[in-house]
Amino acid sequence: MREVAVRPARRACQRSAGRLLVTLLWGASAGPALGAQDPSTATPLFSEVASQVGLDFKHFNGAGGKYYLPEIVGSGAALLDYDGDGDLDVYLVQGTMLEPGKSPSQSWFAPDPGWRPGHRFYRNELIPGGSLAFREVTTETGVDSVSYGMGAAVGDYDNDGDLDLYLTNYGPNLLYRNNGDATFTPMEGMGAEDSRWTTSAAFLDYDRDGDLDLFLTNYVGFTVTGNQVCRTAGARDYCFPTVYSPLPDRFFRNEGGRRFVDVTEEAGLAPAFGNGLGVVCADFNDDGWMDIYVANDETPNQLWLNRGNGSFEEAGLFSGTAFNGDGNAEASMGVTAADFNNDGSEDLFMTHLAQETHTLYLNDGAGGFADQTSRFGLTRVHNYTGFGTRWFDYDNDGQLDLFMANGAVRMTRLAEPADYAYDQINQLFHNDGEGNYRETTAEAGAALQLSEVSRGAAFGDIDNDGDVDILVTNNNGPVRLLLNEMGSRHHWLQVQLEGVQSNRYGVGARVGVQRQGKRTLWRRAHTDGSYLNANDHRVQFGLGRDQEVKAVIVHWPSGSSEIWEGVEADRLVTLQEGSGKPWKP
C-alpha cells in the first residue's frame with residue numbers, strides 16, 4: 001500500500017486569551033495564490049487516491065435481472081472522527097441480495113473471490129502516523145451488520161462527546177452508539193426504528209433543548225413480491241418511483257439521550273408523504289429555529305418551517321420551493337443548503353434527472369425562494385442525472401463552488417448487463433463571485449473524468465491540510481477519494497464547536513467570519529445534506545489571499561450569540577460555548 005504524504009501534524013495545544021478558548025490542531029502556511037489555469041498544463045484540482053490509501057471497498061447492488069428498484073438507488077457513506085483523534089474516518093454502506101435465498105454468486109455482478117457481505121468501516125491512520133492511510137476496523141468496532149443499506153447519518157445523540165452513527169436501509173434501520181473506546185453498540189429498542197425504506201436521515205435540535213432529534217426521509221412502498229415491469233426503448237429497465245406509492249417520513253424527539261419518541265404526528269409532520277430521497281436542515285427564515293427541507297423524487301418538495309412550539313408547518317408551495325420555476329415537480333435527489341452568494345441567508349440547490357434541470361432556489365432572507373437557476377449559469381450545463389451535491393469552497397477563495405455526483409437511473413444506452421449502462425462523469429463548477437458558475441470539470445483532472453454510476457458525495461478535510469476533499473460512492477462500483485490539490489494555496493480557517501447549553505457539536509449553529517472591509521462569511525455547522533451521506537462536522541472557511549480574521553461569531557442553537565477576536569488563519573480552532581464575549585448584531 002502506497003501512503004500519500006500530507007502536511008506534518010502539529011500536536012494539539014490550548015491557550016487562553018481573556019474569554020477566548022481556542023484549540024489549535026493544525027497549521028499550514030498558505031502557498032501562492034491561485035491564478036488562471038491552462039487545463040492542459042495545470043496541476044489537477046483533485047487526485048483520486050482511494051485504492052492507494054487502503055480504501056478498497058466496492059459496492060454490490062445484487063442486481064440479477066429483476067430490476068428491483070433499490071438496486072439503482074444506493075448507496076452512501078459517512079465521514080466521522082469516531083475515535084476522537086482529530087482525523088476523519090470512513091463508514092461505507094453496502095448492499096446485498098434482495099431476493100430471499102439468492103446467493104451473491106447468482107448476481108449479474110458476482111463479487112470478487114474473498115468478498116464478504118456487510119458494511120465497512122475504515123480508520124484513518126493520519127494521526128499519529130502523519131501520512132494518509134486507512135485500515136479496515138469493521139469487526140473490531142462492532143459495526144459489522146449485514147443489510148441492504150442506503151445511507152448514514154452522524155450526530156452525538158447522547159451528548160457524551162463521541163459521534164454516533166445511524167444506518168438507513170431498505171428494511172429496519174440501525175442506531176449505533178459510540179462507546180468512547182473506539183467501539184460501537186447497536187442500540188435496538190431506542191425508539192428510533194423504522195422498518196420501511198429509509199433513504200436519507202438528519203440529526204437536528206428542533207426544540208433547542210440541547211440534544212439531537214432525528215428526521216427520516218422515506219421513499220416508496222416497493223416490495224420484491226410487488227415488483228413492477230418497466231422498459232426503456234423496449235428493453236427491461238428500472239421503473240420510475242411513481243409506479244409505487246410514496247411513504248410517510250418519520251420524526252423522533254430525543255429524550256435526553258435515553259431514548260427517542262416518535263412525534264411525527266405531534267409535530268405536524270404526518271402529512272410528510274413523498275418519494276423522499278434527500279434532506280437538509282437549516283434556519284431558512286432566520287427566526288432562530290431549525291427547519292427541514294425534503295427533496296422528493298417526482299413529487300412536490302416540502303419545506304417544514306419550525307413554529308418554535310414543537311411543531312412545523314409545511315411551506316413548500318408558499319415559499320416557492322415545492323416546484324421549479326415552470327411549476328413542475330422534478331426528480332429531486334441530492335440537496336444542499338448554504339449562503340452561496342454571501343448575503344447572509346441559506347439558499348437551496350437540488351439535483352435532478354438529465355432531461356430536467358437542476359434547481360437553484362435563491363432565498364430572499366425571510367424564507368421566500370425563487371428559482372434562479374438560469375441567472376447563475378446552471379441551466380445550460382445540465383447534461384447528467386445528479387445525486388450527491390454540495391456547495392463548498394474547493395479553492396478557498398471565499399466563494400462557494402458546486403460539485404455534483406452523477407449517474408443515470410435509466411439506461412443511457414442499450415447494452416449487455418455486464419456493461420451496466422448507467423455511467424456518467426461527475427461535475428465541478430466554480431463560483432466566480434460575480435453571480436456566475438463556470439464548469440471546471442476538465443480542470444479537475446482525471447479524477448472527474450471517470451465514468452461511473454456515482455451516488456453519494458461526502459465532503460470533509462480528510463488529510464487535514466486545510467481544504468475540502470470529496471468521498472464519492474458508486475453504485476455497484478468502487479469508492480473514490482478525491483483529494484483536493486489546490487485549496488491550501490489560499491488562506492483558510494476551520495471551526496470546531498463545543499456546545500455546553502447547546503448540543504455537544506453545535507449542530508445547527510451559524511458561524512460567521514468577519515473580515516476587514518468585506519462581507520461576513522456565514523456557514524452552518526452540520527453533517528447532513530448531499531445524498532445518503534454524512535459530512536465533516538467541522539466548519540470550513542476559505543479566506544482567499546487575505547490572512548486577516550477580524551473576529552468569529554457563533555449563533556448557538558441554544559439561542560445565545562458570542563464573538564471571539566484574535567483568531568488566526570490557516571488552522572483549526574475549537575470554540576466552546578460560553579467562552580466568548582456576548583454579541584448582538
Side-chain angles (χ1 to χ4, degrees), residues 14 19-23 80-81 84 153-164 166 177-178 180 201-215 251-258 260 263 267 280-292 306-310 312 337-339 346 493-513 522-529 534-541 551-564 567 572-585:
Q14 291 188 338
R19 297 178 61 87
L20 173 66
L21 175 64
V22 181
T23 303
L80 70 157
D81 182 8
V154 168
D156 183 7
Y157 82 89
D158 53 1
N159 270 336
D160 64 352
D162 305 307
L163 290 168
D164 308 301
Y166 190 84
R177 179 184 182 273
N178 190 328
F203 283 103
L204 71 152
D205 183 5
Y206 86 108
D207 51 4
R208 301 201 329 198
D209 64 352
D211 50 41
L212 293 177
D213 313 294
L214 180 63
F215 184 88
F251 190 52
F252 302 95
R253 185 179 66 226
N254 188 338
E255 299 288 284
R258 299 182 301 274
F260 289 87
V263 294
V280 67
C281 304
D283 181 7
F284 291 108
N285 57 358
D286 197 25
D287 66 352
W289 297 87
M290 292 297 291
D291 310 307
I292 304 170
N306 193 332
R307 290 190 174 109
N309 62 358
F312 294 82
D339 180 15
E346 298 268 353
L493 178 69
Q494 289 177 3
V495 177
Q496 179 168 281
L497 300 179
E498 186 176 314
V500 178
Q501 299 299 319
S502 303
N503 66 84
R504 185 64 174 267
Y505 282 82
V507 172
R510 294 187 69 222
V511 184
V513 170
W522 288 103
R523 305 289 184 256
R524 175 170 42 91
H526 68 110
T527 63
D528 61 2
N535 305 288
D536 190 349
H537 67 277
R538 299 172 294 188
V539 186
Q540 174 82 25
F541 293 88
V552 177
I553 302 164
V554 178
H555 295 309
W556 293 97
S558 63
S560 66
S561 297
E562 296 179 277
I563 188 168
W564 287 262
V567 178
L572 168 67
V573 299
T574 296
L575 304 180
Q576 184 184 72
E577 187 175 14
S579 68
K581 296 179 181 178
W583 184 82
K584 290 185 179 181

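- Within the 4.5 Å cutoff, the side chain of Leu80 has no heavy atoms near those of the Asn178 side chain.
- Taking both residues in full, the closest heavy atoms of Ala337 and Phe284 are given as CB-CE2, 3.9 Å, listed atom of the first, atom of the second, then distance.
- Annotation for Asp283 and Gly288: closest pair OD2-N, 2.7 Å, computed over non-hydrogen atoms.
- The two residues Ala509 and Leu497 come nearest to each other via the heavy atoms CB-CD1, 3.5 Å.
- In this structure, CG in Asp156 is found 5.0 Å from CG in Asp160, a value given to the nearest 0.5 Å.
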- [ ] Apply side-chain contact (heavy atoms from CB on, under 4.5 Å) to the pair Val507 and His537, showing each step before the final yes or no.
- [x] CA-CA 8 Å; Val507 172; His537 67 277; over 6 Å; no
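- Residues Asp205 and Asp213 meet the side-chain proximity criterion, which asks for heavy atoms closer than 4.5 Å.
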Open item on the list: Go through it in stages, so that I can follow the logic: the residues are Phe251 and Ile292, the test is side-chain contact (heavy atoms from CB on, under 4.5 Å), and I'd like the CA-CA distance, side-chain angles, deciding distance and then a yes or no.
Closed with: CA-CA 11 Å; Phe251 190 52; Ile292 304 170; 4.3 Å; yes
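- The minimum heavy-atom distance linking Asp211 with Gly257 is given by the pair OD2-N, 4.4 Å.
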TODO: Give the C-alpha distance, both sets of side-chain angles, the deciding distance and a yes or no for ring pair (Phe, Tyr, Trp, His ring centres under 6.0 Å) between Tyr206 and Phe215.
DONE: CA-CA 10 Å; Tyr206 86 108; Phe215 184 88; over 10 Å; no
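- Between atom CG of residue Asp209 and atom OG of residue Ser502 there is a gap of 10.5 Å, rounded to the nearest 0.5 Å.
- Annotation: side chain of Trp564 is in contact with side chain of Leu575 (closest heavy-atom distance under 4.5 Å).
- Remark: Arg177 engages Asp158 in a salt bridge, criterion side-chain N to carboxylate O under 4.0 Å.
- Of the possible donor and acceptor atoms, one in the side chain of Asn535 sits under 3.5 Å from a partner among the backbone N and O of Thr527.
- Residues Tyr505 and Val154 are not in side-chain contact: their nearest non-hydrogen atoms beyond the backbone lie 4.5 Å or more apart.
- Environment of CD in Gln501: sparse, with no more than 12 heavy atoms of neighbouring residues, nucleotides or ligands closer than 6.0 Å.
- Remark: the backbone N or O of Gly508 is not paired with any side-chain donor or acceptor of Arg524 at under 3.5 angstrom.
- One N or O on the side chain of Asp164 and one on the backbone of Tyr157 form a donor-acceptor pair closer than 3.5 Å.
- For the atom pair Leu163 CG and Arg504 CZ, the distance stands at 10.0 Å (nearest 0.5 Å).
- Contact of the Val552 side chain with the Val573 side chain is not registered, since no non-hydrogen atoms from C-beta on lie closer than 4.5 Å.
- Side-chain contact between Val500 and Trp556 is absent, with no heavy atoms from C-beta onward closer than 4.5 Å.
- Because its NZ or CZ atom is both nearer than 6.0 Å to the ring centre of Trp289 and within 45° of the ring axis, Arg208 counts as a cation-pi partner of that residue.
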Open item on the list: Test side-chain contact (heavy atoms from CB on, under 4.5 Å) on Tyr166 and Leu214; report intermediate values, then the result.
Closed with: CA-CA 10 Å; Tyr166 190 84; Leu214 180 63; 3.6 Å; yes
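- A distance of 11.0 Å separates CG in Asn309 from CG in Asp207, rounded to the nearest 0.5 Å.
- With Glu346 contributing its side chain and Ala338 its backbone, the two residues share a donor-acceptor pair below 3.5 Å.
- By the 4.5 Å heavy-atom criterion applied to side chains, Asn503 and Pro557 are counted as neighbours.
- Between His555 and Asp286 the shortest side-chain heavy-atom distance does not fall below 4.5 Å.
- Looking only at atom types and distance, the side chain of Ser558 has a donor-acceptor partner in the side chain of Glu577 under 3.5 Å away.
- Using modelled atom types, no side-chain atom of Arg253 and backbone atom of Gly310 make a donor-acceptor pair closer than 3.5 Å.
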Task: Verdict with supporting geometry, Val554 and Trp583, side-chain contact (heavy atoms from CB on, under 4.5 Å) - done: CA-CA 9 Å; Val554 178; Trp583 184 82; over 6 Å; no
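- Of the possible donor and acceptor atoms, one in the side chain of Asp291 sits under 3.5 Å from a partner among the backbone N and O of Asn306.
- When every heavy atom of Asn254 is checked against every heavy atom of Leu212, the shortest pair comes out as ND2-O, 2.8 Å.
- The two residues Gly210 and Asn159 have their closest heavy-atom pair at O-ND2, 2.6 Å.
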